[in-house]
Amino acid sequence: GAVVSQHPSRVICKSGTSVKIECRSLDFQATTMFWYRQFPKKSLMLMATSNEGSKATYEQGVEKDKFLINHASLTLSTLTVTSAHPEDSSFYICSAVLAGGPFEQFFGPGTRLTVL
Amino acid sequence: AQSVTQLDSHVSVSEGTPVLLRCNYSSSYSPSLFWYVQHPNKGLQLLLKYTSAATLVKGINGFEAEFKKSETSFHLTKPSAHMSDAAEYFCVVSAGRNYGQNFVFGPGTRLSVLP
């Protein structure tokens with residue numbers, strides 16, 4: 001149980017285009033999901049907290065207009081990288097917390113974004 | 001606020017020998033502590049977690065960790081390393097009333113296992 005999926009697993013896009021990444025909790029409801037960014041050989045950096053039905057909370061230094069987050073249902077959160085540039089290339093990982101359950105973050109497998 | 005220190009950025013062991021990955025934390029509240037493993041280009045897998053129950057925590061794949069409040073440590077150990085253990089390991093601390101937003105990752109330790 002407690003499986004989180006991400007789609008796509010890998011995406012390559014041209015500079016200036018927008019890319020949407022989906023994060024789904026497959027077998028549980030998640031009122032809260034998190035989006036992380038991981039640079040090569042580095043640790044995870046929290047970008048934002050996504051709450052179902054409300055605006056996301058962004059960490060300091062993360063551009064909300066650049067990284068659009070939508071949490072439309074209890075099982076889906078999306079991250080859209082708008083007007084992507086090569087410096088946005090990274091590994092993006094989402095996680096979800098079981099609604100009403102013991103605290104633990106369940107992580108998705110990650111999405112590798114490459115912007116040419 | 002809380003923070004995590006992983007003292008070794010890289011640990012190398014021979015197959016069949018013990019593994020020790022060190023983690024120290026600081027927290028204003030009683031913490032929950034986690035160890036995650038990440039294989040190359042993969043997501044994170046939970047190895048084990050401490051949430052104020054038994055201080056010696058057993059996880060998957062033969063790993064265990066001991067919570068030592070006096071030393072503010074949560075070191076990860078395994079009696080005998082296997083080649084498949086080669087990966088990146090992250091220690092995570094979570095504390096305070098808003099657990100989700102206080103999930104702090106350590107910098108990671110890369111474990112190499114030599115044949």
Side-chain angles (χ1 to χ4, degrees), chain A residues 1-10 21 23-24 26 30-52 56-60 62 71 77 90-114, chain B residues 1-11 21 23 25 27 29-53 57 59-60 86-112:
Chain A
V3 177
V4 176
S5 70
Q6 281 184 242
H7 178 79
S9 58
R10 185 182 296 266
I21 302 170
C23 176
R24 292 182 185 273
L26 297 185
T31 51
T32 302
M33 292 182 172
F34 302 91
W35 287 96
Y36 294 85
R37 183 173 181 176
Q38 186 179 29
F39 292 98
K41 299 187 178 182
K42 296 291 184 183
S43 190
L44 278 71
M45 179 189 75
L46 180 65
M47 298 175 66
T49 302
S50 171
N51 294 300
E52 186 266 337
T57 302
Y58 290 82
E59 296 300 300
Q60 191 172 12
V62 178
H71 195 150
S77 176
S90 195
F91 195 52
Y92 293 88
I93 301 176
C94 73
S95 71
V97 177
L98 180 64
F103 175 72
E104 181 181 332
Q105 290 194 27
F106 299 96
F107 288 85
T111 297
R112 172 73 60 194
L113 170 63
T114 303
Chain B
Q2 40 277 339
S3 65
V4 179
T5 302
Q6 291 182 245
L7 297 166
D8 306 297
S9 60
H10 183 211
V11 170
L21 304 183
C23 172
Y25 69 93
S27 175
Y29 299 89
S30 296
S32 293
L33 293 154
F34 307 79
W35 275 99
Y36 286 88
V37 61
Q38 184 181 34
H39 289 90
N41 294 310
K42 298 291 184 182
L44 295 163
Q45 181 182 22
L46 179 67
L47 284 177
L48 47 80
K49 62 182 177 182
Y50 165 78
T51 54
S52 76
V57 182
I60 62 172
E88 190 83 19
Y89 291 78
F90 294 99
C91 181
V92 179
V93 64
S94 180
R97 285 178 289 180
N98 192 350
Y99 285 117
Q101 291 182 278
N102 291 319
F103 211 70
V104 178
F105 279 79
T109 297
R110 183 164 59 91
L111 175 65
S112 297

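Fair warning: this is a prediction, and the values are worked out from it, not measured in the lab. Residue numbers start from 1 in every chain, and the chains themselves are labelled A, B, ... in the order their sequence lines are given, proteins ahead of strands.
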Side-chain donor or acceptor of A:Ser43 paired with backbone N/O of B:Gly108 under 3.5 Å: no

A:Arg37: partners by salt bridge (charged side-chain N to carboxylate O under 4.0 Å, His left out), with sequence neighbours left out: none

Working for side chain to side chain contact (heavy atoms under 4.5 Å, CB included), residues B:Phe105 and A:Gln38: CA-CA 11 Å; B:Phe105 279 79; A:Gln38 186 179 29; over 6 Å; no

Any chance you could measure [X], atom [atom1], to [Y], atom [atom2], to the nearest 0.5 Å?
{"X": "A:Phe107", "Y": "B:Leu46", "atom1": "CZ", "atom2": "CG", "answer": "9.0 Å"}
{"X": "B:Gln45", "Y": "A:Phe106", "atom1": "CD", "atom2": "CZ", "answer": "12.5 Å"}
{"X": "B:Leu44", "Y": "A:Tyr36", "atom1": "CG", "atom2": "OH", "answer": "9.0 Å"}

Ring centers of A:Phe34, B:Phe103 separated by less than 6.0 Å: no

Atom group of A:Leu44 that falls short of 4.5 Å from chain B, counting heavy atoms: both

Other residues, nucleotides, ligands: >12 heavy atoms within 6.0 Å of A:His7 NE2: no

Minimum-distance pair of heavy atoms, taken over all atoms of B:Phe90 and A:Lys42: CZ-O, 4.0 Å

